[in-house]
There are 2 protein chains.
Amino acid sequence: MNSYPTRWTKQMKVVLDIVYDGKSPITADQVYGLARKQMPRISLGTVYRNLNRLVVSGLISESKVGTVQCFYPHPYSNTHLECRVCGRLYSVPFDLSLHQVAKETGLTLDGYELRLKGVCKECASRCI
Amino acid sequence: MNSYPTRWTKQMKVVLDIVYDGKSPITADQVYGLARKQMPRISLGTVYRNLNRLVVSGLISESKVGTVQCFYPHPYSNTHLECRVCGRLYSVPFDLSLHQVAKETGLTLDGYELRLKGVCKECASRCI
DNA sequence: CATAAAGTAGTAATGATTACTATTATGAAT
DNA sequence: ATTCATAATAGTAATCATTACTACTTTATG
Ligand SMILES: [Mn+2]
Ligand SMILES: [Mn+2]
Ligand SMILES: [Zn+2]
Ligand SMILES: [Zn+2]
């Protein structure tokens, strides 16, 4: 499973377009909801299969948020604060130089995801 | 759920000791297996509850590896390469200065997890 | 000791994701 | 265009890590 796609199907195009049109990360279930408007008989399994194949092919990227997989157009990079108390994720304006990291590690990279671990302000103010 | 612990129970101590004694990340199920040797009637739910409370309290840390939660002694930092083709994680010898990141972002941090996205050497050599 | 509430054991439920199977669509070769 | 092998799909069932539930037990505190 999660193999590289060899045939360009209508279902794959619908899924790709939905992820590309979105402004923010989208879940498989949300893609499914939107896809059914254009293609009412598409199945959830097909949505998952195509999302995973698009990730393998490098056209979109994914990341787990809590228990669910989220999908983004293109390879991307981001930084989050992950609160160990409430578990919430906060976007943090911090950028890493992917070029620098690629040079130092000798790897060819598409993007990164930096998860900073700590306690958010709201939880800290409750001084648990 | 996942509340801050207020009572120090035998079960919590057993769970904490197992995580601290381990050399590498351990799953809830593995902790459960080891805990039953000392405490045969401990339940899996209790293991999960205590692991999550220990995370909230900051004594241990967690990270999702694939579909499963893994637990580590103390807050920690690490860098991985995540292959978009085979999905495997590879440890990468790259260090970020947590002090520097904390200073730049204004956050108080316990650790970080840097996930580099790309294609591993094995998958790249298959030139998919 | 007495009491309140936090924690536990055992079990059932959840829910996102994957697996399965009969059928259909695709693309290359004839 | 027709044939043919096989990749992909629809619909559904299964998986499985994690959480929820409930009656009972343990802990802390006066
Ligand atoms: Mn958590
Ligand atoms: Mn994946
Ligand atoms: Zn928080
Ligand atoms: Zn790989």
Side-chain angles (χ1 to χ4, degrees), chain A residues 1-19 25-57 59-71 84 86-87 89 128, chain B residues 1-19 25-57 59-71 84 86-87 89 128:
Chain A
M1 43 124 177
N2 281 16
S3 54
Y4 192 81
T6 61
R7 290 178 186 178
W8 188 250
T9 65
K10 300 177 200 107
Q11 289 86 346
M12 186 156 83
K13 178 161 173 40
V14 167
V15 168
L16 179 61
D17 286 347
I18 288 170
V19 176
I26 191 170
T27 66
D29 210 60
Q30 291 171 322
V31 172
Y32 179 52
L34 294 170
R36 287 166 77 180
K37 293 183 179 177
Q38 307 171 45
M39 191 178 270
R41 311 199 64 83
I42 194 173
S43 75
L44 182 56
T46 295
V47 171
Y48 270 104
R49 194 180 319 109
N50 281 298
L51 285 168
N52 284 322
R53 288 199 276 226
L54 290 166
V55 169
V56 170
S57 74
L59 288 171
I60 68 177
S61 55
E62 68 171 332
S63 112
K64 272 254 167 67
V65 175
T67 59
V68 303
Q69 224 173 342
C70 282
F71 298 90
R84 71 163 189 256
C86 65
L89 288 182
I128 319 191
Chain B
M1 44 122 176
N2 280 16
S3 55
Y4 192 81
T6 62
R7 293 180 184 177
W8 188 251
T9 65
K10 300 179 201 106
Q11 288 85 349
M12 187 156 84
K13 178 162 173 41
V14 167
V15 168
L16 179 60
D17 285 347
I18 288 170
V19 176
I26 190 168
T27 66
D29 210 60
Q30 292 171 323
V31 172
Y32 179 52
L34 293 170
R36 287 167 77 183
K37 293 184 180 179
Q38 308 171 46
M39 192 179 269
R41 309 199 66 83
I42 195 173
S43 75
L44 182 57
T46 294
V47 170
Y48 270 104
R49 195 180 318 109
N50 282 298
L51 285 168
N52 285 321
R53 288 200 276 227
L54 290 166
V55 169
V56 170
S57 75
L59 288 172
I60 67 176
S61 55
E62 67 171 333
S63 112
K64 273 256 167 63
V65 176
T67 60
V68 302
Q69 224 174 342
C70 282
F71 299 90
R84 69 163 191 255
C86 65
L89 289 181
I128 317 190

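Worth knowing before you read on, the calculation uses all heavy atoms, side chains too, and leaves out hydrogens, waters and symmetry mates. Residue numbering restarts at 1 for every chain, and letters A, B, ... go by the order of the sequence lines.
- One interatomic measurement links the two molecules: CG of A:Leu51 to C1' of C:dT18, which rounds to 14 Å at whole-angstrom precision.
- At D:dT19, none of the side-chain N or O atoms of B:Tyr48 fall inside 4.0 Å of OP1 or OP2 (strictly under the cut-off).
- Nearest to the side chain of A:Thr46, among D:dA10, D:dA8, C:dG7, sits D:dA10.
- Although no hydrogens or angles enter the test, the distance criterion places no donor-acceptor pair under 3.5 Å between the side chain of B:Arg53 and the main chain of B:Tyr4.
- Summarising the geometry, atom OG1 belonging to A:Thr9 is positioned 8.0 Å from atom CD1 belonging to A:Ile42; distances are rounded to the nearest 0.5 Å.
- B:Lys10 pairs by the side chain to side chain donor-acceptor pair (under 3.5 Å) definition with nothing, not counting sequence neighbours.
- Between the P atom of C:dT11 and the CD1 atom of B:Ile42 lies a distance of 16 Å, rounded to the nearest Å.
- The distance between atom CD of B:Gln30 and atom C1' of D:dC16, rounded to the nearest whole Å, is 15 Å.
- The nearest whole Å value for the distance from the CG atom in B:Leu44 to the C1' atom in D:dT18 is 8 Å.
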Inset, instruction - Give the B/S/- string for nucleotides 22-27 of chain C, one per nucleotide from 5' to 3', where a protein heavy atom under 4.0 Å of the base yields B, of only the sugar-phosphate yields S, and otherwise -. - result: ---BBS
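- Counting non-hydrogen atoms under 4.0 angstrom, B:Asp29 reaches nothing in the nucleic acid.
- Taking 4.5 Å as the limit, every side-chain heavy atom of A:Ile18 sits out of range of all side-chain heavy atoms of A:Gln30.
- Regarding B:Lys13, its NZ atom lies at a distance of 17 Å from the C1' atom of D:dT27, rounded to whole Å.
- Protein atom NZ of B:Lys64 is 17 Å distant from nucleotide atom P of D:dC16, rounded to whole Å.
- Comparing A:Thr27 and B:Pro5 against DNA chain C, the residue whose closest nucleotide sits nearer the 5' end is B:Pro5.
- A distance of 14.5 Å separates OH of A:Tyr32 from CD1 of A:Ile26, quoted to the nearest 0.5 Å.
- A distance of 5.5 Å separates CG of A:Leu16 from CG of A:Leu54, quoted to the nearest 0.5 Å.
- Taking for each of B:Arg41 and B:Thr67 the nucleotide of DNA chain C with the nearest heavy atom, the 5'-most of the two is the partner of B:Arg41.
- Two residues, B:Val68 and B:Arg49, neighbour DNA chain D, and the one matched to the more 5' nucleotide by heavy-atom proximity is B:Val68.
- Atom-to-atom, CE of B:Met39 to P of D:dT26 comes out at 11 Å; the value is rounded to the nearest Å.
- For the OP1/OP2 pair of C:dT17 and a distance below 4.0 Å, the side-chain nitrogens and oxygens of A:Asn52 include no atom meeting the criterion.
- The interatomic distance linking A:Met12 (CE) with D:dT9 (P) rounds to 8 Å, in whole Å.
- Atom CG in B:Leu44 sits 9.0 Å away from atom CZ in B:Arg36 (nearest 0.5 Å).
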